[in-house]
Asks: 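Shown below is the structure under consideration.
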Amino acid sequence: MKKLLTAAATVALASAMSMSAMADKLKVGFIYIGPPGDHGWTYQHDQGRIAVENKLGDKVETVFVENVPEGPDAERTITRLARQGAGLIYTTSFGYMDPTLKVAKRFPDVKFEHATGYKRADNVATYSSRFYEGRYVIGQIAAKMSKSGTAGYIASFPIPEVVRGINSFLLGAQSVNPDFKLKVVWVNSWFDPGKEADAAKVLISQGADIITQHTDSTAAVQVAEEQGVYAFGQASDMAAFGPKSVLTSIIDDWAPYYIARTEAALNGTWESTDTFGGMDSGMVGMGPFANMPADVKAMAEKTTAAITDGSFHPFTGPIYKQDGSLAVKEGEILDIGTLLGMDWYVQGVDDQL
Amino acid sequence: MTAYETIILTVITASTPLLLAAIGELVVERAGVLNLGIEGMMAMGAVSGFAMAQVTGSAWLGVLFAMLAGVAISMLFAFLTQSLVTNQVATGLSITLLGLGLSGLIGGGFVGMPGIKLDYVAIPVLSELPLVGKLIFGQDPLVYISILLTVGVAYTLKKTRIGLIIRAVGQNHHSAHALGYPVIKVRYACIAFGGLTSGLAGAYLSLVYTPQWIENMTAGRGWIALALVVFSTWLPARLAAGAYLFGGVWILGLYAQGMGVGIPSQFLSSLPYLATIIALIVISTNRRLSVINTPASLGQGFVPDR
């Protein structure tokens, strides 16, 4: 009996110790829209999470929930993470915006970070990347490399983030070839390799010889490789899926942001902020430029450098809307509010919103 | 390749995994068993096929292994629902969850690897024929297998003694048992067949459709296959028609977008489902047709009285 009691006491002590050890650690939660194995959007967020773990592993514990649909499920999942003692929660998709704010209201002591949204609260910060900077560069490359003068764009959902990317791509392309045309196909999904592949095939059959996508898998790149047209990687380096077709990739790097924000939460300096990081902060990067002549590569590198040092902004006027009206005057830069809420196409897009 | 060839080829590629998964489920349901685990079995097939093809370098070994994996996980379902008589709906759902989770675990090391594609069979001379050559004689082998399977299932169910026994077991398992048919064994066999074709459908995704492994790459196709079985009123010919209708409407929706037709993409995306619902309504107005083939013992567990 005595032995048993001693054993029980040891167990209790040990668990108490481990609990206190856990209490010292900040629990950081991540909500993912897809699986970390998508090799795209969620993969890059997970790389950021791993970077946090590697850098601050002795002070934080990270947890993640994958494949969380946007909607009621998201609210439940975020609530569960908050209840389980997470002190900082990153919700990594646009559609988590309202659920994040709702949960944040109920857990004022928990800090929330919502990716790509525009609604904030005292304990909800937002962050996003200026992916459109990369889109401008690939647009320029596309116009140089295309023979048909038409590119196909596989889009997910008609939200400002995606529309902005489409416009930036086309503006880049038109800076090289003013008559460049863009076909857009919406698959209404972030992640469905089969549908993305179908959309790529359809676009190629309609004359596009450049494929680019704002969806999360590598399927479109594979179709391009098979059918002998050019493609671009999205979110992560996809060159392995199209050794002959991938011209470059737009790479999201969330690690510096996640490390800085998690450190701020640990130090008590965390505040609700709005971060819109681009090439200058390293949050958006370009993959290796491949399969292109030296002059195209030099042009892409020059544009990348100009965007990085701030001397050039992709949305510099004159910019015309689809209906022909002037949106931005010559030499001016589109204001950030319009940019964030973008709901119109520039001239030359063969699609209607 | 002309635009019309591309459209039809794309439609066939989009429809084949649905047809493969659904034809097996049709047999399972004809035997009176409801297996909601298609999505999970497909995911297991996809990851196993991809992994085997990567390791051995042979896409065909991958296909074979995918079928084995489908059968293996379906046997778990069979053991639970037939030998232990658990609830079929709950068990099927857990097989889906298990399959999706397990496939993610197994496939962890295979993410980001370009896959090996199953080669097209181009029958010489015939595939060179104008207009129909490439469409009829230049498909990937699994397309032919899916059609052969559909014809085979239709013939077996309608014309053979085995088909009669399967239907009897699904119609009224007590009577079938009283007549001396091994109800549980027949169901085991049908569930294994369902696992086999679901595994094949998975292999189609990871070795033909998009030759790569990504978690959740089935993206709900197992559920569409399940709906197609009901849509078909358990008839193989209608099932094939349904699968191609679904794939066709989906691809035409994408096509219309690319042409800049100006119909909202959300509406076009919902068209395949809308078409399915309308077809279901039309079928259900003919009550005789819809009731006559419905397996009466569908979803009920069977415990033989001794």
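The structure presented is a predicted model; accordingly, all values stated were derived computationally and were not measured. Sequence lines set the chain letters: A, B, ... in the order given, protein chains first and strands last, and positions in each chain run from 1. The figures that follow rest on heavy atoms only: side chains count, while hydrogens, waters and symmetry mates do not.
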Asks: Restricting to non-hydrogen atoms, name the atom on B/P114 and the atom on A/A240 that form the minimum distance, rounded to 0.1 Å.
Replies: CG-O, 2.9 Å
Asks: Could you look at A/P243 and say if it's the side chain, the backbone, both or neither that has a heavy atom under 4.5 Å from chain B?
Replies: neither
Asks: In terms of heavy-atom proximity below 4.5 Å to chain A, should B/P17 be classed as side chain, backbone, both, or neither?
Replies: neither
Asks: Below 3.5 angstrom, are there any donor-acceptor pairs between chain B and chain A, and if so, which atoms and how far apart?
Replies:
unit_1: B/K117; atom_1: NZ; unit_2: A/E226; atom_2: OE1; d: 2.8
unit_1: B/K117; atom_1: NZ; unit_2: A/E226; atom_2: OE2; d: 3.2
unit_1: B/Y209; atom_1: OH; unit_2: A/D198; atom_2: OD1; d: 3.2
unit_1: B/Y209; atom_1: OH; unit_2: A/D198; atom_2: OD2; d: 2.6
unit_1: B/P211; atom_1: O; unit_2: A/Q222; atom_2: NE2; d: 2.6
unit_1: B/Q212; atom_1: OE1; unit_2: A/T218; atom_2: OG1; d: 2.2
unit_1: B/Q212; atom_1: NE2; unit_2: A/T218; atom_2: OG1; d: 3.3
unit_1: B/Q212; atom_1: NE2; unit_2: A/Q222; atom_2: OE1; d: 3.1
unit_1: B/N216; atom_1: ND2; unit_2: A/N67; atom_2: OD1; d: 3.0
unit_1: B/R221; atom_1: NH1; unit_2: A/D192; atom_2: OD1; d: 3.3
unit_1: B/R221; atom_1: NH2; unit_2: A/D192; atom_2: OD1; d: 3.0
unit_1: B/W250; atom_1: NE1; unit_2: A/D198; atom_2: OD2; d: 3.2
unit_1: B/Y255; atom_1: O; unit_2: A/Q206; atom_2: NE2; d: 3.0
unit_1: B/Y255; atom_1: OH; unit_2: A/S205; atom_2: OG; d: 3.1
unit_1: B/Q257; atom_1: OE1; unit_2: A/W186; atom_2: N; d: 2.4
unit_1: B/Q257; atom_1: NE2; unit_2: A/W186; atom_2: O; d: 2.8
unit_1: B/G258; atom_1: O; unit_2: A/K183; atom_2: NZ; d: 3.1
unit_1: B/S265; atom_1: O; unit_2: A/N188; atom_2: ND2; d: 3.2
unit_1: B/S265; atom_1: OG; unit_2: A/N188; atom_2: ND2; d: 3.3
unit_1: B/S269; atom_1: OG; unit_2: A/N188; atom_2: ND2; d: 2.9

Asks: A/V187 versus chain B, heavy atoms under 4.5 Å apart: side chain, backbone, both or neither?
Replies: both
Asks: So for B/M259, is it side chain, backbone, both, or neither that comes closer than 4.5 Å to the heavy atoms of chain A?
Replies: both
Asks: Is A/V184 close to chain B through its backbone or its side chain, or both, or neither, when contacts mean heavy atoms under 4.5 Å?
Replies: backbone
